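Because the structure is predicted, anything quoted here is derived from the model rather than measured. Each chain gets a letter, A, B and so on, in the order its sequence line appears, and its residues count up from 1.
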Amino acid sequence: MNIEEINKGIVIKNIQNFHPIHTFECGQCFRWNKTDDNTYIGVVRDKVIEVELRGVDLYIYNISQEEFYHRWQDYFDLARDYSIIQEKLKIDPILKRAIDYGRGIRILNQDPWETLISFIISSNKNIPHIKKIIEYLSRSYGSMLIYKGKEYYTFPTPKQLSGLSIEEISKSKCGYRAKFIHAAVERVSNGDINLDYISSLSSHQTREGLISLYGVGPKIADCVMLFSMGKYEVFPTDVWIKRLMEYFYFKKPTSIKEIRKFANKKWGNLAGFAQQYLFYYGRSHGEIFK
DNA sequence: CCCCAGGCTTTAC
DNA sequence: GTAAAGCCTGGG
């Protein structure tokens, strides 16, 4: 990678297989917002980051080169060669179509705690509403950051949320999910469950551990594993993926369990990448599956 | 007004 | 084991 430090940021020259729109709109994250053409601002852990694709060069603002190698290369998954992944997956003609459409997707390496709560909130909700709830929680209980004179808020830590009543959490408009969030805060902040430890286990054990949380089922567990724990063999199967898989592969109604098994066998430790390309393609071509 | 939105828990076969 | 009902809330 050809990287240069510039005023207030870095630039990666001639970047391959990274596009901000595809990466930030493919459903894996909720705190990146478009501010201009090919420009996004996001709060990641304890920093506000601005990303802009200008031609073939990627500008990342509010970080140094040293920080890039220390944290952000991993967060944006920029050390991974996605062309190899794409080559392997493109053997499948349907994936070829999906990859051609979403070529610039990268799977972000997000914070497990934030990812867990975000996907607990996501159940039975649309994306704008999910983002609103997360924004409310961050503004109310996170820490304030200033970037270019504007206020931003970190996603609250377990400690910052501990002690809140279910009623207080409900003020975020998260509805019946408040009791799930409350339970997760309790179990994580009192040390009953340690997300870093859980992520170090085998995929099966990680999954079991996550599902042991109240309000966390197979779909949410898979999202947390894929988006924040580097478990790339999972295949989060939601209603969109289910519809798409039935339409393209099974030609008949198929259980989620069977779809996951199929994907695992077909794509192995690349199933998570396949899911992201398919999901993004499916969301953008939803009318096909009606 | 009714229906749905990136699921889960509970209850009933 | 698998299948259906009910769930908070906001927007169409």
Side-chain angles (χ1 to χ4, degrees), chain A residues 21-33 98 101-102 105 107-108 110 114-137 140 164-187 193 207-228 231 234-248 250 252-261 263 271-290:
Chain A
I21 296 177
H22 296 163
T23 296
F24 299 136
E25 307 284 356
C26 71
Q28 60 178 327
C29 55
F30 301 100
R31 300 211 70 201
W32 283 94
N33 294 304
Y101 181 76
I105 291 176
I107 296 182
L108 300 172
Q110 303 182 71
E114 176 176 341
T115 308
L116 171 66
I117 299 302
S118 297
F119 280 92
I120 286 176
I121 292 167
S122 79
S123 91
N124 235 3
K125 285 209 164 299
N126 53 37
I127 291 166
H129 198 191
I130 298 165
K131 290 176 96 168
K132 267 188 191 167
I133 295 167
I134 293 170
E135 207 50 45
Y136 174 90
L137 290 175
S140 304
L164 291 177
S165 65
I166 292 174
E167 200 177 33
E168 284 170 309
I169 294 170
S170 294
K171 287 181 185 164
S172 66
K173 312 289 186 190
C174 66
Y176 63 85
R177 301 157 196 81
K179 57 183 183 291
F180 303 154
I181 296 172
H182 180 81
V185 169
E186 284 302 299
R187 286 193 62 191
I193 196 164
R207 203 157 189 270
E208 294 292 302
L210 289 170
I211 289 176
S212 79
L213 287 157
Y214 188 36
V216 176
K219 157 63 170 61
I220 294 175
D222 283 353
C223 285
V224 174
M225 289 170 69
L226 180 58
F227 301 140
S228 73
K231 309 282 190 186
V234 300
F235 192 77
T237 305
D238 52 46
V239 289
W240 286 96
I241 285 290
K242 185 171 187 292
R243 275 185 285 213
L244 180 147
M245 294 296 285
E246 286 169 345
Y247 180 85
F248 281 123
F250 296 97
K252 63 177 168 72
T254 309
S255 74
I256 287 173
K257 205 173 168 183
E258 199 173 329
I259 292 170
R260 289 181 53 234
K261 237 169 76 181
F273 299 99
Q275 192 270 3
Q276 279 299 278
Y277 290 120
L278 290 171
F279 180 79
Y280 187 59
Y281 182 77
R283 280 308 310 257
S284 316
H285 300 78
E287 69 282 1
I288 297 176
F289 317 115
K290 282 287 170 188

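Protein atom NZ of A/K131 is 14 Å distant from nucleotide atom P of B/dG6, rounded to whole Å. Remark: C1' of B/dT10 and OH of A/Y176 are 13 Å apart, rounded to the nearest angstrom. A/N124 has its CG atom 9 Å from the C1' atom of B/dC4, to the nearest Å. The interatomic distance linking A/W240 (CH2) with B/dG7 (P) rounds to 11 Å, in whole Å. If you take NZ of A/K125 and P of C/dG11, they are 10 Å apart, rounded to a whole angstrom. If you take CD1 of A/I181 and C1' of B/dC8, they are 14 Å apart, rounded to a whole angstrom. Atom-to-atom, CD of A/E135 to C1' of C/dG10 comes out at 17 Å; the value is rounded to the nearest Å. A/F180 has its CZ atom 13 Å from the P atom of C/dC7, to the nearest Å.
Here B/dC8 is the nucleotide among C/dG10, B/dC8, C/dC8 with the atom lying nearest to any side-chain atom of A/P218. Side-chain atoms of A/H129 lie closest to C/dT9 of the nucleotides C/dT9, B/dT9, C/dC8. Between C/dC8, C/dT2, B/dG7, one nucleotide has an atom nearer to the side chain of A/K219 than all others, and that is B/dG7.
When heavy atoms are screened at a 4.0 angstrom cut-off, A/I127 is found touching base atoms of the nucleic acid. Within 4.0 Å of A/K173, counting heavy atoms only, lie sugar-phosphate atoms of the nucleic acid but no base atom. Within 4.0 Å (heavy atoms only), A/G27 reaches at least one base atom of the nucleic acid.
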Decide yes or no on ring pair (Phe, Tyr, Trp, His ring centres under 6.0 Å) for A/F30 and A/F119, but give the supporting numbers first. CA-CA 10 Å; A/F30 301 100; A/F119 280 92; 5.3 Å; yes

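For B/dG6, there is no paired base (Watson-Crick or G-U wobble, both distances below 3.5 Å). The partner of C/dC8, taking Watson-Crick or G-U wobble pairs whose two distances both stay under 3.5 Å, does not exist in any strand shown.
To the nearest 0.5 Å, atom NE2 of residue A/H22 and atom OG of residue A/S284 are 8.0 Å apart. One distance of note links CD1 of A/I133 with CZ of A/R177; it measures 6.5 Å at 0.5 Å rounding.
Where A/Q275 and A/Y214 meet DNA chain B, the nucleotide closest to each residue was compared, and A/Q275 sits on the side nearer the 5' end. Each of A/G175 and A/K257 has a nearest nucleotide on DNA chain C; the 5'-most of these lies closest to A/K257.
Judged by atom type and distance alone, A/R177 reaches the base of C/dC8 through a side-chain donor-acceptor pair under 3.5 Å.
Across C/dA3 and B/dG6, the matching P atoms stand 23 Å from one another, rounded to whole Å. Using atom P as the reference point in both B/dC3 and C/dG6, the two lie 14 Å apart (nearest Å). C/dC8 and B/dT11 have their P atoms separated by 14 Å, given to the nearest Å. The P atoms of B/dC4 and C/dA5 are separated by 13 Å, rounded to the nearest whole Å. Nucleotides B/dC8 and C/dG10, compared at atom P, are 22 Å apart to the nearest Å.
No donor-acceptor distance shorter than 3.5 angstrom exists from the side chain of A/Q275 to the backbone of A/T237, with no hydrogens or angles considered. Put simply, the side chain of A/R187 gets close to the backbone of A/S212: a donor and an acceptor are under 3.5 Å apart.
Between A/F248 and A/Y281, the angle of the ring planes lies from 30° to 60°, which puts this pair in the tilted group.
Side-chain nitrogen and oxygen atoms of A/K242 include none within less than 4.0 Å of the OP1 or OP2 phosphate oxygen of B/dG6.
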